[in-house]
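Inspection log for the structure reproduced underneath, given as structure tokens.
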Amino acid sequence: MAPKKPRILNDTRDMAWSLIPLVVAMLVIAGVASQCSFSPGGPTAGPVPTFDLDAGLKYDAKELGFPIRHPEVPEGWQSNSGSRSIISGNAGGDSSTVGFVTAGGRYVRFTQSDAGEDELVRFVAGESRRVTGAQQIGTRDWTVYGGEGVEALWVSDFGDVRILVGGSGTDEEFTELATAVGVAEPLEP
């Protein structure tokens, strides 16, 4: 048996040779578990998750105490998320949110709520926003909330419900969704 080297003779080369088998073993385990991949061109977009828009909005129409609208979105838009939340505050209430990935690959959502406009905007934005403009879409007036470096939020009061449109979409995509929501009839509970 070879004599043990004195500790002073161990160097970084010895440490590297002892780590190589550990790194190889780690890569083999990760490869077998399919938990890593090699992509020399950078990350690629995966498949868009799907959300059953019809079932989600029908359920919300039964459970929530305000009219739920089901907009007919443009061809190529895919619903990818949905949620319900409670908005706190003096004029708080329930909310139903549905998100879409547009044909251009941007995210646009609409939130329906019986909460007051200020509480709804604060809830979605995470902070207060100031009014930066207005839009007239069909017969509906939409108040635009925005600011420097934040996404715009469009809100319209339908009387029995407030509708908010937001996300990373363009003004044209916001207009398409606002138009669809504006002509959508409330679902039966």
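FYI, side chains are in, hydrogens and waters are out, and symmetry mates aren't considered; it's all heavy atoms of this structure. Index from 1, following the sequence.
- Taking every heavy atom of both residues into account, D160 and D114 meet most closely at O-CB, 4.5 Å.
- Taking I20 as the reference, W17, V24 meet the side chain to side chain contact (heavy atoms under 4.5 Å, CB included) condition, with sequence neighbours excluded.
- Applying the side chain to side chain donor-acceptor pair (under 3.5 Å) rule to pairs touching residues 149-158 yields R109-E151, D157-R162, sequence neighbours excluded.
- Using a 4.5 Å heavy-atom threshold, the side chains of Y145 and D118 count as touching.
- Applying the side chain to side chain donor-acceptor pair (under 3.5 Å) rule to pairs touching residues 73-86 yields nothing, sequence neighbours excluded.
- Within the structure, the salt bridge (Lys or Arg N to Asp or Glu O under 4.0 Å) test picks out the following pairs touching residues 89-107 (sequence neighbours left out): R106-E173.
- The number of heavy atoms from other shown groups lying within 6.0 Å of CG (N90) does not exceed 12.
- Looking at I137 and F174, their side chains never come closer than 4.5 Å, going by heavy atoms from C-beta outward.
- Atom CD of E185 has 12 or fewer heavy atoms from other residues, nucleotides or ligands within 6.0 Å.
- Among residues at least two apart or in separate chains, side chain to side chain donor-acceptor pair (under 3.5 Å) pairs with a member in residues 46-73 are D54-H70, D60-S96.
- Legend: ring-ring contact (aromatic ring centres under 6.0 Å, His included) pairs involving residues 120-142, not counting sequence neighbours: none detected.
- Heavy atoms of other residues, nucleotides or ligands lying less than 6.0 angstrom from CD of E188 number 12 at most.
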